[in-house]
Structure formats: structure tokens, C-alpha cells
Amino acid sequence: MYKVIDFSLEETLECGQCFRFEKLEDNKYLVVANSKVIIIKQEGNELIFENIEDEKDEKVWKNYFDLDRDYKKIKDELSSTDKVLTDAINYKPGIRLLKQDVWECLISFIISQNKQIPHIKQVIKNISEAFGTNIGTYNDKVYYSFPTIEQLSKATEDQIRACKAGFRAPYIIDACAKINSGQIDIYNLESMETIKAKEELLKIKGVGNKISDCVALFSLSKHEVFPTDVWIKRVMEYFYMKEEAELKDIQKFAREQFGDYAGFAQQYLFYYARDKKIGKK
DNA sequence: GACCAGGGTAACT
DNA sequence: AGTTACCATGGT
């Protein structure tokens, strides 16, 4: 059990950064990550892990939920920049940026392109069931870990297509080939400069600016990047640019406006825009 | 049935 | 170097 502040389990899981969770009840979730299934619930400012084994495990999940970071400081600093962002922060003040595994995060966001979140979750589940490891049962349902690099590298393009990945299947094959061969060392990216890490990720087919930004933010702790998807584009044009803007101009603006915490700002704005359907018609 | 989704590639000017 | 069709699949 932990005391948590500036944290909402629901907001953190539902804000679109991760895909392997199920809502069991209000403020109670099943999460699949770190090759484990955990049941976690929040009661006020208490966070309760129902099936955690030892202290080492606790550390892993504390790290996963980014519980040691001072979010009040981040939110205060971001709130001082402008009113729009203040509104977005106050709308979902309990969001935290998860620390996700870089391999799973990369493949997940390759799958995400041009897809809605429920579909993304389904395809990742299909792939895990097809190639991952049985990691336990809950409510008579069997859960599978996200496949390792080795496991997924055994898959054929047709098998991945069968998981409903569609045209993204060859991209996943390419990622497996480049990573399993050692050509790209994704577990070394965190120690690199953001630009260098992105360069490496961009070598993979189907990985462009947005997906590499998501990996950088959600698993490499590169908190200054500003992943710009359709929703972020809309919210930025609607509130800040006041006209249609190009990707590079939006990202440049965001870095100047939000500074080194641009990635956090992005996540508050994303949830806000998507929930309120900002700029959509 | 048209349109869109946490985009990116390749084939065009 | 800048635009544009197209890529599978499911929801609205």
C-alpha cells in the first residue's frame, strides 16, 4: 500500500499512453506489464496492489507508475505558462507518465498508427496470446505477457496479419529483424541524446516522427518531446496557432511554450482534447 | 456507405 | 522538396 499524491490510477491508465489494462470496477484495474498481471486499486490517496510478492516487485511497479517524481512541481510550472494548459491539467490532474518497456512500447505504437485505441488494444492482445507466455489466470481468463524480441521474431508476416495488424505487419517484421539481429540496440537508447535515440528508431520501417516521439516519451524518459498526433494537432491549432499548422511548427511552438516539460503538457492536452473532442467536426 | 482513427511510405509532380 | 494516394480494419 502506498500513499500517493497527484496521482489517479484511472487517469494514468486511460489517458492513451498504454494499452494492456482492463477496468474491473471503479478505481480498480488489471494491468499487464513487466511480464506480470497485477490487480491494483486506488482508494483516495491510497494505492493498493493486491497481488504483489515482495519488495523488489514493489520497486518495479513504483517505477512503472513514476510514483517517485514530484508532479506538483511539474504542474505548477506548466500552469504558469498559460490558461489553456492550466485547464487541461485541472481536468485530469492525476495523470502520470508511465515508464514502459521500450520493446513493447515500440511495437505497440507501430500498431497504433491510423487506428483507434480500442483496436490497438485488441491487436496487442492478439499478438500477446499468439506469441507471448502464459503468465497466469484471473477470473478464469488466461493472460499472456507481451512477446519478447526472440518470441516475436519467430512470427511470420501472415501470422502477424492474422492478429489483425493489417498493413503494419511488415513494419513489425522489420522491427524484429533489425532489433533481434543487434543492428539496433533499443535497450541502449535511453542513455543517448534524444535526437540520436530518435535517429535509431527512425531506421525501422513504419516508424516516423510521431511514433519515435511516443517511444522517447513513454519509455525512454525523454520528457521534452511533444508527440503530435491528430488530436494534438487539432488542440494546438484550435487554442494556440489559430490556423492550420505544420507538424514542425507545432513542435517548435510547443518546445518554446512548454519548455523541458513539453511531454507532460502533451499528455494533459491529449486527454483534454480527446475527451472534449476539441476541433473535431 | 462515407468517413475517420495516438501515421508513414512511396510514388508522384 | 513538397503534395497525395494508399495502406487493413473496425467504429460511428
Side-chain angles (χ1 to χ4, degrees), chain A residues 11-21 88 91-92 95-98 100 102 104-127 129-130 155-178 184 198-220 222-223 225-239 244-251 254 262-281:
Chain A
E11 292 169 13
T12 297
L13 291 173
E14 304 273 7
C15 73
Q17 60 181 322
C18 65
F19 306 103
R20 302 210 67 197
F21 63 88
Y91 182 63
K92 299 287 180 183
I95 294 175
R96 281 180 185 244
L97 289 182
L98 296 174
Q100 301 187 57
V102 60
E104 177 171 345
C105 187
L106 170 64
I107 302 298
S108 297
F109 279 93
I110 288 175
I111 291 165
S112 80
Q113 70 183 70
N114 213 224
K115 256 187 180 315
Q116 296 181 134
I117 290 173
H119 307 157
I120 302 166
K121 292 175 75 166
Q122 187 58 51
V123 175
I124 294 171
K125 187 160 179 269
N126 293 343
I127 286 179
E129 288 175 356
T156 65
E157 185 178 322
D158 282 347
Q159 287 176 312
I160 292 174
R161 278 184 190 274
C163 296
K164 306 295 181 187
F167 63 86
R168 306 155 192 84
Y171 300 160
I172 295 174
I173 296 286
D174 188 61
C176 286
K178 291 194 169 111
I184 301 175
K198 281 188 64 174
E199 268 177 28
E200 288 298 300
L201 291 168
L202 291 171
K203 291 178 183 171
I204 298 163
K205 259 197 206 160
V207 176
N209 190 61
K210 191 268 175 181
I211 291 173
S212 60
D213 275 350
C214 284
V215 174
L217 181 60
F218 299 140
S219 66
L220 303 178
K222 307 296 188 191
H223 294 139
V225 302
F226 194 77
T228 305
D229 73 319
V230 289
W231 287 106
I232 289 295
K233 186 171 188 297
R234 286 199 278 250
V235 74
M236 293 302 287
E237 288 171 345
Y238 186 83
F239 284 121
E244 274 206 37
E246 289 187 30
L247 177 75
K248 62 173 171 46
D249 294 325
I250 292 173
Q251 296 200 316
F264 295 98
Q266 186 272 358
Q267 206 53 33
Y268 295 114
L269 289 168
F270 174 75
Y271 206 155
Y272 187 70
R274 193 169 56 112
D275 254 30
K276 294 189 172 298
K277 304 192 190 313
I278 300 291
K280 194 180 177 188
K281 237 303 104 76

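The chains referred to below are lettered A, B, ... by the order of the sequence lines, with proteins before strands, and numbering in each begins at 1.
C/dG10 sits 23 Å from B/dT9 when the C1' atoms are compared, rounded to a whole Å. Atom name P, nucleotides C/dT4 and B/dG6: the rounded distance is 24 Å, in whole Å. Going from the C1' atom of B/dG8 to that of C/dG11 covers 22 Å, rounded to whole Å. For the C1' atoms, the distance from B/dC4 to C/dC7 is 14 Å, rounded to whole Å.
Mapping A/Gly206 and A/Gln17 onto DNA chain B by nearest heavy atom places A/Gln17 closer to the 5' end of the strand.
Atom pair A/Ile278:CD1 and B/dG6:C1' shows a separation of 16 Å (rounding to whole Å applied). Distance CD (A/Gln266) to C1' (B/dG6): 8 Å, rounded to an integer number of Å. In this entry the distance linking CD1 of A/Ile117 with C1' of C/dT12 reads 16 Å, nearest Å. The NZ atom of A/Lys248 sits 11 Å away from the C1' atom of C/dG2 (whole-angstrom rounding). Between A/Asp213 atom CG and B/dG6 atom C1' there is a gap of 12 Å when expressed in whole angstrom units. Regarding A/Ile124, its CD1 atom lies at a distance of 15 Å from the P atom of C/dG10, rounded to whole Å. With rounding to whole Å, A/Arg20 atom CZ is found 19 Å from B/dG6 atom P. Regarding A/Glu244, its CD atom lies at a distance of 17 Å from the P atom of C/dG2, rounded to whole Å.
As judged by a 4.0 angstrom heavy-atom cut-off over every strand, A/Val123 is placed among residues making no nucleic acid contact. Looking at heavy-atom distances under 4.0 Å, A/Ile120 makes no contact with the nucleic acid at all. Residue A/Cys18 is out of contact with every strand shown, counting any heavy-atom pair closer than 4.0 Å. Note on A/Tyr271: nothing from the nucleic acid sits closer than 4.0 angstrom, heavy atoms only. Looking at heavy-atom distances under 4.0 Å, A/Pro118 makes no contact with the nucleic acid at all. Among the atoms of the strands shown, base atoms are found under 4.0 Å from some heavy atom of A/Phe270.
At a cut-off of 3.5 angstrom, counting only N and O atoms as typed in the model, there is no donor on one side facing an acceptor on the other between the side-chain of A/Glu246 and the base of C/dG2.
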Between the protein and nucleotides 5-9 of chain C, which nitrogen or oxygen pairs are less than 3.5 angstrom apart?
| from | atom 1 | to | atom 2 | distance (Å) |
| --- | --- | --- | --- | --- |
| C/dA8 | O4' | A/Phe167 | N | 3.3 |
| C/dA8 | N6 | A/Asn114 | OD1 | 3.2 |
| C/dA8 | N1 | A/Asn114 | OD1 | 3.4 |

Next on the checklist: Under the criterion salt bridge (charged side-chain N to carboxylate O under 4.0 Å, His left out), I'd like the reasoning laid out for A/Asp174 against A/Lys178: C-alpha separation, chi angles, the key distance, then a yes or no.
Outcome noted: CA-CA 6 Å; A/Asp174 188 61; A/Lys178 291 194 169 111; 2.8 Å; yes
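Between A/Arg234 and B/dC4 there is no side-chain polar atom (N or O) within less than 4.0 angstrom of OP1 or OP2.
Taking both residues in full, the closest heavy atoms of A/Gln100 and A/Cys105 are given as CB-CB, 4.4 Å, listed atom of the first, atom of the second, then distance.
In this structure, A/Lys198 places its NZ atom where more than 12 heavy-atom neighbours from other residues, nucleotides or ligands lie under 6.0 Å away.
With salt bridges taken as basic N to acidic carboxylate O contacts below 4.0 Å, none links A/Glu199 and A/Lys203.
Using N1 to N3 plus N6-O4 or O6-N4 for Watson-Crick, or N1-O2 and O6-N3 for G-U wobble, each under 3.5 Å, B/dA5 pairs with C/dT9.
For the pair A/Lys121 and A/Phe21, the cation-pi test (distance below 6.0 Å, angle within 45°) is passed.
Residues A/Gln251 and A/Asn209 bring a donor and an acceptor atom of their side chains to less than 3.5 Å of each other.
Under the side chain to side chain contact (heavy atoms under 4.5 Å, CB included) rule, A/Leu201 has a single partner from A/Ile184, A/Ile211, A/Asp213, A/Val207, which is A/Val207.
No side-chain heavy atom of A/Arg168 sits less than 4.5 Å from a side-chain heavy atom of A/Ile160.
Of the candidates B/dA10, B/dG7, B/dA5, B/dA5 carries the atom nearest the A/Gln116 side chain, counting heavy atoms from C-beta on.
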